[in-house]
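This report concerns only the one structure given below.
Below, chain A is the first sequence line, B the second, and so on; all start at residue 1.
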Amino acid sequence: MAEKTEKYDHKSIESRWQAEWEGNGAFRTAEGRGDKYYVLEMFPYPSGKIHMGHVRNYSIGDVLARFLMMKGKNVLHPMGWDSFGLPAENAAIQHGIPPAKWTHENIANMRTQLKRMGLSYDWTREVATCTPEYYRWNQWLFLRLFEKGLAYKKRSSVNWCPECATVLANEQVEDGECWRCGSTVEMKELDQWFFRITAYADELLEHTNKLPGWPERVLTMQRNWIGKSIGAEVDFKLEGSIDAIKIFTTRPDTLFGVTFMSLAATHPLIEKITTPERKSEVASFVAKAKAEAKNARLSPDEIVKEGVFTGAYCVNPLTGDKVPVYAANFVLMEYGTGAVMAVPAHDQRDFEFAKKYGLPIKVVINPQGKELDPSTMEAAYVEPGVMVNSGAFNDLPSTGAAEAIIDALEEQKKGKRSITYRLRDWGISRQRYWGCPIPVIYCDICGTVPVPDAQLPVILPENVNLTGKGLSPLAGAEDFVNVKCPNCGSQARRETDTMDTFVDSSWYFLRYTSPKNETLPFGKDEAGYWMPVDQYIGGIEHAVMHLLYARFFTKALRDLGLHEFDEPFKNLLTQGMVCKEITKCPEHGYLYPEEATGGKCHICGKAVSIGPVEKMSKSKKNVIDPDRIIREYGADTTRLFSLFAAPPEKDLDWNEEGVEGSYRFLGRVWRLVIENLDLLSEAKAWETGALDGGARELNAATHRTIKKVTQDIEERFHFNTAISSIMELVNASYQLMPTLNGKGSDTAEARVFKKAVESIVLLIAPFAPHISEELWSRLGSSEPVYKMRWPLWNEDALKLEEVEIPVQVNGKVRGRVTVAAGADEAAVKEAVLSDDKIKEFVAGKEIKKFVYVTDKIVNMVVA
RNA sequence: GCGAGAGUGGCGGAACUGGCAGACGCGCCAGACUUAGGAUCUGGUGGGCAACCAUGGGGGUUCAACUCCCCCCUCUCGCACCA
């Protein structure tokens with residue numbers, strides 16, 4: 001071993017194996033049946049470059065996929081592009097690049113980057129949502145939903161920027177202003193297409209209880225978003241009118257405590273019922289409340305509850321009491337019926353409102369064994385209790401009374417049981433160019449006509465003038481708009497809105513199961529085999545929108561007979577953000593690290609502050625370019641660090657020293673093999689048999705590590721601890737190295753060493769696949785690692801002959817004894833009491849208690 | 001305000017059903033090999049001179065608590081007048 005050891009050259013190793021995998025179609029999915037596993041990472045928007053969030057996301061997925069392949073599963077691990085969306089349009093407006101060109105270049109770029117990461121995707125299944133091959137099925141599915149009444153058109157209000165003359169998505173409205181030009185956003189009524197997601201509200205809610213593989217907080221967020229409330233609708237007749245105010249309440253038990261009525265400022269009845277003498281006051285209040293509603297930045301308790309009397313009265317259907325009708329700023333038109341029965345004694349908002357305007361407070365529920373006094377109450381009593389002042393319902397527990405009161409209302413036809421959801425139907429119309437055309441034609445004679453299936457896809461035209469101004473860019477594309485009615489043949493117009501891009505991503509996981517299918521969006525058999533996705537991995541930011549839409553689509557498509565399962569994603573892993581400390585100059589703000597060499601700002605020379613750790617973002621100048629890291633340290637190091645630095649669900653704190661540590665570790669593994677290559681290629685790996693000393697220890701460590709890595713990956717996704725245990729085995733292998741010197745390759749030491757090294761190379765394969773392949777082939781295998789079986793551990797090898805037991809006296813470790821593994825208490829007690837160190841602590845005292853946990857610990861209580 | 005999650009060395013983080021707190025890595029300190037080391041290998045590294053003290057704080061259960069129970073504090077995320 002005189003000559004210098006060959007260096008770990010990540011560049012040539014990684015490019016060689018990537019070419020190898022690509023050349024022989026290494027990760028092409030097997031079509032055959034078998035024990036399947038579908039690993040899916042959320043597909044990216046092709047912005048042009050991958051970022052660290054992608055690196056982390058795909059590294060997690062790739063560990064799983066490669067691990068499961070080695071475990072013998074039939075793995076589906078696809079990748080694609082969520083490639084419609086506004087950035088492409090902005091690039092066109094700002095730089096004159098056609099969106100299609102921009103997008104496809106970005107895809108090509110990012111695909112190269114992903115390949116450089118060595119990810120085990122089956123690229124033959126790649127999909128891009130902006131291609132007609134994909135979006136024709138978007139259109140096809142739209143038509144099926146339309147036929148079932150699950151897609152419909154209605155007028156609704158949208159965010160409208162008067163300066164840009166265009167509609168904005170909610171996320172493009174910042175503090176009530178246009179993100180692009182800063183002018184105040186208005187609400188505008190427009191015809192919009194909707195998907196009737198509310199038809200599935202109950203099932204979407206119910207099935208959150210059938211997703212044990214999802215994080216609880218995601219399920220909670222979805223439940224809150226759906227927002228089911230069970231209660232009753234009650235009609236309050238208006239005095240001197242045939243009209244009634246319909247309210248929704250979850251507290252029918254408080255119906256006898258109603259002392260006034262609150263309507264949303266935009267409630268249609270307000271104008272009708274306001275008495276002439278109150279008109280001007282009400283009008284100015286409504287105007288003020290509307291203005292306030294736009295500026296929704298304030299938290300609810302910062303907004304003062306205000307209202308105005310309309311002059312009208314309505315009648316409590318059960319008591320016949322006459323109560324005044326108010327318009328109030330805290331009542332939402334979008335929820336329930338836009339009208340609320342006010343019970344100040346038992347609702348905090350109503351309480352505050354009543355106090356402010358001197359309205360009566362009537363107690364109808366008392367806490368058990370207590371009596372509330374309205375004149376001294378300081379807050380509403382919202383808990384259950386005993387009914388009072390409620391006629392026939394007095395003395396009932398309030399929880400039961402609610403049911404009884406609804407029964408009475410239903411009997412008298414004054415109300416009924418009712419369920420309200422917070423969830424609204426999904427508005428999918430977008431007045432944008434770079435999206436999937438909605439396949440509908442408007443004919444003056446036939447009305448709204450769906451495009452016949454045979455005419456799909458409705459191709460998105462490429463020669464469109466994009467200015468960023470005006471409604472729907474497609475409206476100006478004459479060739480596109482003007483069309484013959486498929487029904488009657490007369491001149492007609494195409495729908496010029498495109499679909500929300502969330503439609504595209506609501507079923508892409510199904511398309512992957514048969515991406516080339518030309519007769520259906522996906523084959524029923526293939527979907528039946530591969531679905532559901534066994535493990536879905538992505539960011540928490542999609543907790544509600546994407547994941548709810550995808551669940552809805554899955555259910556709707558099931559009811560269309562396209563497949564037969566209820567839920568798309570069996571297990572969900574939401575990975576944490578990638579963060580880094582920020583560097584800030586007191587005068588020049590955020591700086592890139594290289595702008596602050598030596599802790600000084602490069603402009604003014606002032607001392608900069610480092611920290612705190614925040615999510616990587618361009619504006620904070622704390623981004624790290626994955627390309628650079630991969631170039632300097634290699635894909636294996638980059639992957640390894642992003643998995644080692646933190647468990648996947650937690651935020652990851654990026655630091656370059658840590659990356660170097662991972663690089664050093666791979667170098668250590670490299671040398672472990674290369675420096676001992678002669679011995680390793682001659683020796684046969686140890687299997688079973690009696691061992692002692694260092695060989696026995698290393699063999700036990702090997703099997704312990706196999707067990708730990710296997711369990712950490714498959715049971716807990718604790719990749720960080722899996723990696724750390726491999727590091728321990730590497731350290732242990734180095735410890736045995738000196739004893740190998742000069743010994744033959746057929747000694748037990750050499751053979752155990754070989755077993756340890758082989759195991760290390762196989763165990764790091766899912767994390768650092770390139771170096772693993774390289775070392776595996778150097779060890780003499782003609783078969784690649786990805787075709788190897790994952791190593792198994794032998795429980796017998798884990799068993800120890802002797803164990804060292806810590807001995808506690810009164811809860812403090814005072815010594816240790818070594819006993820035979822599995823020794824009984826009597827034997828251990830004898831060993832403990834004959835130990836000199838322990839004797840000191842026990843001398844002259846009485847042993848009150850002796851606790852022995854087999855092979856673990858001794859604790860004695862002495863006094 | 002409501003809901004969820006989290007507080008452990010200088011730092012990232014371990015500790016699975018209660019059983020030696022701080023695995024592994026970073027950083028730091030020493031030694032070896034070297035012309036040299038920012039390469040590599042080896043050893044050390046929670047605090048305190050010690051007894052002891054230490055897992056956000058305070059109580060409790062237990063032979064034994066980062067882990068279980070009660071109260072409080074802080075931070076992050078989500079929802080936010082939902083009737």
Practice item. In sequence, state the C-alpha distance, the side-chain angles, and the governing distance for A/Ile13 and A/Tyr8, and then conclude on side chain to side chain contact (heavy atoms under 4.5 Å, CB included). Key: CA-CA 8 Å; A/Ile13 292 170; A/Tyr8 167 43; 3.8 Å; yes
Point to revise | nucleotides 15-22 of chain B: protein proximity per nucleotide (B base, S sugar-phosphate only, - neither; heavy atom, under 4.0 Å) | key: SS--BB--
Review point. Can you list every side-chain hydrogen bond (donor to acceptor under 3.5 Å, both in side chains) pair that touches residues 848-863 of chain A, not counting sequence neighbours?
Key: none
Review point. Given B/rC63, B/rC26, B/rA14, which nucleotide is nearest the side-chain atoms of A/Asn720?
Key: B/rA14
Review point. Does a distance-only test, which skips hydrogens and angles, find a donor-acceptor pair under 3.5 Å between the side chain of A/Lys305 and the base of B/rC81?
Key: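 Under the 3.5 Å cut-off, the side chain and the base do form a donor-acceptor pair.
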Under 4.0 Å, counting only non-hydrogen atoms across every strand here, what does [X] touch: a base, just sugar-phosphate, or nothing?
X        : result
A/Glu352 : nothing
A/Val331 : base
A/Asn224 : nothing

Practice item. Indicate whether any N or O donor in one side chain lies under 3.5 Å from an N or O acceptor in the other, for A/Asn731 and A/Arg668. Key: yes
Review point. Is there a donor in the side chain of A/Tyr335 and an acceptor in the side chain of A/Ser229, or the other way round, less than 3.5 Å apart?
Key: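 Note: A/Tyr335 and A/Ser229 side chains meet the donor-acceptor criterion.
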Check your understanding: Is a salt bridge present between A/Arg417 and A/Glu403, judged by a nitrogen-to-oxygen distance below 4.0 Å?
Key -> yes
Review point. Taking a pair as Watson-Crick (N1 to N3 plus N6-O4 or O6-N4) or G-U wobble (N1-O2 and O6-N3), both under 3.5 Å, which stems of 3 or more consecutive pairs involve RNA chain B?
Key: B:1-7 with B:73-79, B:10-12 with B:24-26, B:27-32 with B:40-45, B:56-60 with B:68-72
Check your understanding: With rounding to whole Å, what would you report as the distance between B/rU74 and B/rC68 at their P atoms?
Key -> 22 Å
